[in-house]
Amino acid sequence: MALAIGLCLPLAYAQASTPVEFDPDGQGGGGAFTIGSLDWLPGSTVIKDEIPVAVSSMVSAQAYSHSALAAAVNPDGIVINPPGLNVSYEITVFLANGVEVTSNSDGTIVLLALDPATGDNYFEMYYDDNPNANPLAGTGFSDGLPILRGQLTALSGNFTQNTDLNGIPLQADLDEFGTNNWPGTKTVLGQGSQQLAVLVQYVNKDFFPSGVDLGTILPFNNSQVVSFKQTNPSMNFDLSPIAGALDPVDPGAVNGLSGPDILLQIDPNNAFEFIPPEMACRVTGGGNDTAGIFENGAAGWDGTVAEGLMTPTVTKGKGKKSSIVALEPYRYTMGGQAGANTALQPQPKGEWTHSNHDSANNLKFTFHAGTASAPDGTEIDEIICTDNGWCKQARPAPNKQIDFVGIGTFKNLSWKNPELVHSVGVVDAAFYDIQPEPVGNKPGQDPATVHWFQVHIEDLGEPGNKVEEGAVCPPMGSGNDPFANPPVTDNIADCGCADFYHIRIYEGVVPTLNEDGEVTNINKDNLIYEVYGYLNGGNFQIHPLTGFDLR
């Protein structure tokens, strides 16, 4: 069955670009200028080992793409041709990612989505003073000096195959660009467009002096076609970052029909959209198998929870007769997501649920914000990430630690002797003033009090509840608190520890709302509940933003 897929590139999001300073020869004398986008030459994409694909099916595949820079475009849309580009030097890109391919009932249309769990995922841009990129051979696109690296966070689109009136796929020579360098190889015909975004994780400031940093998003636009009329179809792909490890392309007798690979001509361009790096991540958490699940192409949460246990102590007696006494442990569960579908300010979206199941005073409650069952006005309000990089076996992400704050409410609240514990695991007389969410539709019930809360999470590898021998795991975690005054952001967590969790909930208020529906009298000072510790079960995962997050 015929199938023509496309990896490649536009993004409906982020048509408004951020101007950046670009020096194409890296301070080599040409000078920097302000640009709004980059225009790339027609290039090639290959989808590996999944052709043919059955009708009404979905497969996961590995894709690679490469291209060379044609020109820059200033913020007013005027083309800039950098002196010496593609004569004395070149700038190239190499792209790898997993892609989900879903075909319709007759195979003439396929839908595309990013598959973050399949294969390699990286984006690399190179400067090379030896302009040796060869579109036909597929070499020279992943050598030279790396000037920008990142990871794909969004991919979606479609491809439509051309057929005759009887539904038979139309065919032509694969290579219709000048001399036919693929004699005997045909291709199905078709066209499509895709959406793709790259999260920048490294940038060389000699080439991008300002405007591009960690957290910058590169939204790409692209058209794609077969056959090839504007460039030669590539016979190989340099499997960057190991330049020289050539992977040959095998489209079979008919590209898109025979397989196992398929080649497509791409014509990409990209803009720049800056997101501060401390806001360029999100977290999902719950059961071991549910952190980072995807629903309709977006990260979701299915309601499963991770588990924690903290045993607080109190001091009894005075002076030499005093002693530290352990109380009944606080057993709690938690789960949700923060940052999806966007970590952009002022109102990042997400949901979080924390439940206390037992303690010295039989405290039981569920506290939640932003969930489908939570009242209007509860929300994840701000997100900040710290501690760059990721731990072994955790999926690549910008950071290992994330803090988020917001407004939530209690439900199903019960306890005994709230004054019993007035230390870590705080429960005090302020619990008398908590008004849980109304039950049912009975008239005359008091409105729920709303409460400021802060969650701190450390994603320290997989599985999330195991500790390696020799790991340094402070009882209160790394100590980072970007919402403190002054902020604490420089501590590095030990990747040998289990995932860490810390929640603080503050005294509630009957909300006063402004005309925008925002709470104006929230209490951020009087702590009434706090637990923390390394997970006993479940998992957290910090991720880069997805394309859904960026909408």
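- Side-chain contact between L69 and L38: present, with at least one pair of heavy atoms (C-beta onward) separated by less than 4.5 Å.
- Note: Y202 OH to I147 CD1 = 9.0 Å, rounded to the nearest 0.5 Å.
- In summary, the aromatic rings of F228 and W182 are positioned with their centroids too far apart to meet the 6.0 Å limit.
- No side-chain donor-acceptor contact under 3.5 Å links Q224 and T45.
- Every residue meeting the side chain to side chain contact (heavy atoms under 4.5 Å, CB included) condition with D206, not counting sequence neighbours, appears here in chain and number order: Q27, N204.
- There is no side-chain donor-acceptor pair under 3.5 Å between D499 and Q541.
- Between A338 and I380, the shortest heavy-atom contact is CB-CG2, 4.3 Å.
- With L174 as reference, T187 is the one residue of N232, T187, V254 to meet the side chain to side chain contact (heavy atoms under 4.5 Å, CB included) rule.
- Counting heavy atoms from C-beta on, the side chains of L535 and F540 come closer than 4.5 Å.
- The nearest pair of heavy atoms linking V59 to V53 is CG2-CG2, 3.9 Å.
- N121 and N97 are not linked by any side-chain donor-acceptor pair at a separation below 3.5 angstrom, with hydrogens and angles left out of the test.
- Side-chain atoms of D25 come within 3.5 Å of backbone N or O of G30 as a donor-acceptor pair.
- Within a 6.0 Å sphere centred on CG of D164, other residues, nucleotides and ligands contribute more than 12 heavy atoms.
- At a threshold of 4.5 Å between non-hydrogen side-chain atoms, the residues R282 and Q337 do not count as touching.
- Annotation: side chain of Q191 is in contact with side chain of N162 (closest heavy-atom distance under 4.5 Å).
- Sorted by first and then second residue, the side-chain hydrogen bond (donor to acceptor under 3.5 Å, both in side chains) pairs involving residues 165-176 (not counting sequence neighbours) are D173-K186, D175-N181, E176-S227, E176-K229.
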Go through V99 and D115 one step at a time and tell me if the side-chain contact (heavy atoms from CB on, under 4.5 Å) criterion holds.
CA-CA 5 Å; V99 60; D115 184 354; 5.6 Å; no

Verdict with reasoning, L218 to F272, per side-chain contact (heavy atoms from CB on, under 4.5 Å):
CA-CA 5 Å; L218 308 184; F272 303 86; 3.3 Å; yes

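- With values rounded to the nearest 0.5 angstrom, F483 atom CZ is found 4.0 Å from I384 atom CD1.
- Side-chain atoms of S103 come within 3.5 Å of backbone atoms of S56 as a donor-acceptor pair (strictly under, hydrogens ignored).
- Using a distance-only test at 3.5 Å, with no hydrogens or angles considered, no donor-acceptor pair links the side chain of D76 to the main chain of I78.
- With sequence neighbours excluded, the residues that form a side chain to side chain contact (heavy atoms under 4.5 Å, CB included) with T139 are N134, A137, D238, L246.
- Considering every non-hydrogen atom in both G256 and V188, the closest pair reads CA-CG2, 4.1 Å.
- L196 contributes atom CG, which lies 5.5 Å from atom CG of L155 (distance to the nearest 0.5 angstrom).
- Paired with F94 under the rule side chain to side chain contact (heavy atoms under 4.5 Å, CB included), one option of S142, S67, S65 passes, and it is S142.
- Nearest heavy-atom pair across P52 and S258 is CD-O, 3.7 Å.
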For side-chain contact (heavy atoms from CB on, under 4.5 Å), just list the numbers for D23 and Y127, CA-CA rounded to whole Å, side-chain angles, deciding distance to a tenth of an Å, and then say yes or no.
CA-CA 11 Å; D23 190 335; Y127 167 85; over 6 Å; no

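- Not counting sequence neighbours, the partners of C497 by the side chain to side chain contact (heavy atoms under 4.5 Å, CB included) test are L460, A471, C473, D494, Y534.
- In this view, F177 satisfies the ring-ring contact (aromatic ring centres under 6.0 Å, His included) rule with no residue, not counting sequence neighbours.
- The structure places CG of D247 at 7.5 Å from CG of N236, a figure rounded to the nearest 0.5 Å.
- Summarising the geometry of V212 relative to T216, their closest heavy-atom pair is CA-OG1, 3.5 Å, with the distance given to 0.1 Å.
- Ring pair F208/F22: centre-to-centre distance below 6.0 Å.
- Across all their heavy atoms, N388 and N399 have their closest contact at OD1-ND2, 3.2 Å.
- Checking side-chain atoms of N81 against main-chain N and O of A71 turns up no donor-acceptor pair under 3.5 Å.
- In the model, Q265 has no side-chain atom that pairs as donor or acceptor with a side-chain atom of S44 under 3.5 Å.
- Counting heavy atoms from C-beta on, the side chains of Q62 and D49 never come closer than 4.5 Å.
- Here CG of L111 is found 6.0 Å from OG1 of T102. Values are rounded to the nearest 0.5 Å.
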For a side-chain contact (heavy atoms from CB on, under 4.5 Å) check, start with the C-alpha distance between N158 and V110, then their side-chain angles and the critical distance, and finish with the verdict.
CA-CA 5 Å; N158 62 79; V110 293; over 6 Å; no

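- Residue H66 forms a ring-ring contact (aromatic ring centres under 6.0 Å, His included) with just one option from W40, Y126, F141, and that option is F141.
- Under the 4.5 Å side-chain criterion, counting only non-hydrogen atoms from C-beta, E124 is not in contact with P146.
- Side chain of E90 to backbone of A133: a donor-acceptor contact under 3.5 angstrom is found.
- Side chains of F500 and S478 form no contact here, defined as non-hydrogen atoms less than 4.5 Å apart.
- Not counting sequence neighbours, the partners of F123 by the ring-ring contact (aromatic ring centres under 6.0 Å, His included) test are F220.
- Side-chain contact between Y64 and L239: present, with at least one pair of heavy atoms (C-beta onward) separated by less than 4.5 Å.
- Interatomic distance, CG of L152 versus CG of L95, reported as 5.0 Å (0.5 Å rounding).
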